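Order of listing sets the numbers, starting from 1, for every ligand and every atom in it. What you are looking at is a predicted structure, and each value in this text was computed from that prediction instead of being measured. These values consider heavy atoms only, across backbone and side chains, with no hydrogens, waters or symmetry-generated copies.
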Amino acid sequence: MNDMTATARGLALRADGSLRHLLGLEGLPRAMLERLLERSQHYSRPLGAPPARGNALEGVTVATLFTEPSTRTRVSFELAAQRLGADVASVEVQLSSRLKGESMLDTVHTLESLHVDVFVLRDAQADVPELVARNVAPHVSVLSGGAGSAAHPTQGLLDALTILQHKGRIAGLSIAIVGDVRHSRVARSAWHAFAALGATDIRIVAPPALMPERGEFAGCARSTQLADGIAGCDVVMMLRIQKERMAEASIPGAGEYFAEWGLTPVRLKSARPEAIVMHPQPMNRGIEIASEVADGPQSVIRDQVRNGVAVRMAVLEAVIDGRPLPPARSGASAADVAAWLRAGATR
Ligand code: CP
């Protein structure tokens with residue numbers, strides 16, 4: 001499974017090369033990824049400093065429409081949009097007319113009629129953001145907030161930004177992506193980001209049952225042993241076990257998984273002493289990672305979260321920057337309506 005189909009790649013860019021939809025990272029020009037990361041760093045602030053603000057989204061309406069749970073992605077997209085001056089509509093799917101049988105496209109077209117310009121979508125079905133992108137008006141953009149096991153593009157960007165902030169480069173680093181790679185949209189988007197930005201030693205480290213299909217993650221080394229897989233690495237990216245994407249019978253027991261695959265302080269010693277530890281969260285402490293590592297000196301997990309807002313500001317700014325503006329007003333004026341009413345009253 002790739003993070004974006006060829007059709008989605010075609011949809012992503014406008015004829016002038018500007019970013020219209022962000023459905024995945026695969027195939028996006030390196031220069032575009034670099035520009036997004038530069039703008040993300042522009043919007044990045046240390047904790048305790050006032051957050052960055054701007055007016056790039058004044059007059060724009062952003063709707064978040066998530067049919068799978070989220071804390072970080074949803075909140076950071078909404079904060080990013082607000083801090084750039086947008087109106088934000090957060091659609092509670094459990095309280096929306098989707099529950100009365102309304103289709104996703106009818107919901108989207110309804111929101112379009114309410115002047116939504118940017119949709120941020122999360123769905124268990126990998127093709128939903130692309131389906132919506134193919135059916136919105138020309139001035140509307142669709143951003144994936146996570147689609148099945150296929151793509152989580154803003155997570156891939158914030159992971160790249162976090163590595164750049166700590167290591168100053170991505171090219172030349174040894175990066176291990178560890179755990180349930182098979183079901184992970186984070187792993188797929190991170191791989192595309194890291195490879196596009198010049199990483200050549202990217203390792204997929206997973207138990208055999210959680211390895212992606214052969215043919216996926218082309219160019220990555222594979223290991224089914226944690227210590228071997230992370231040996232000498234600069235970056236150890238741990239992944240959550242995606243229980244919601246597995247049959248009950250194939251979910252590994254927590255204790256048994258931690259015994260072999262949990263990242264403990266002792267196991268982390270196989271990586272370089274200055275290696276950083278990442279995790280997209282939510283974390284299963286005591287299953288894929290020990291609390292001593294998650295909260296330890298090598299962990300940059302909180303920086304990943306902090307970078308989420310900056311990256312999402314950069315992406316929102318990029319899609320709005322290049323959009324064609326629809327006509328300011330549709331058809332009739334208020335004076336026309338007043339005249340129709342008067343004419344009707346005299347009939
Ligand atoms: N990393 C991530 O996607 O977190 P959420 O599920 O909380 O959005």
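- Atoms of ligand 1 found under 4.0 Å from any heavy atom of Thr71 (numbered from 1 in listed order, with element): 5 (P), 7 (O), 8 (O).
- Interface of His152 with ligand 1, defined as ligand atoms under 4.0 Å from a residue heavy atom, comprises 2 (C), 3 (O).
- Scanning the protein for heavy atoms near atom 6 (O) of ligand 1, the closest one is Arg122 NH1, 2.9 Å.
- Close contacts of ligand 1 with Gln281, meaning ligand atoms under 4.0 Å from a residue heavy atom, involve 1 (N), 2 (C), 4 (O).
- Ion pairing between Glu288 and Arg240 fails under the 4.0 Å rule for side-chain N and carboxylate O.
- Taking 4.0 Å as the cut-off between side-chain N and carboxylate O, Glu78 and Arg312 do not count as a salt-bridged pair.
- Met278 contributes atom CE, which lies 12.5 Å from atom CE of Met238 (distance to the nearest 0.5 angstrom).
- Here the CG-CD1 distance, from Leu37 to Ile170, works out to 7.0 Å after rounding to the nearest 0.5 Å.
- In terms of N/O distances under 3.5 Å, ligand 1 is approached by Thr73.
- In this structure Thr71 satisfies the side chain to side chain contact (heavy atoms under 4.5 Å, CB included) test with no other residue, sequence neighbours excluded.
- Residues meeting the side chain to side chain contact (heavy atoms under 4.5 Å, CB included) test with Pro207, sequence neighbours left out: Leu210, Tyr257, Trp261.
- Residue contacts with ligand 1: Pro282 is placed with no nitrogen or oxygen under 3.5 Å of a nitrogen or oxygen of the ligand (distance criterion only).
- With respect to atom 4 (O) of ligand 1, the closest heavy atom belonging to the protein is Arg72 NE, 3.1 Å.
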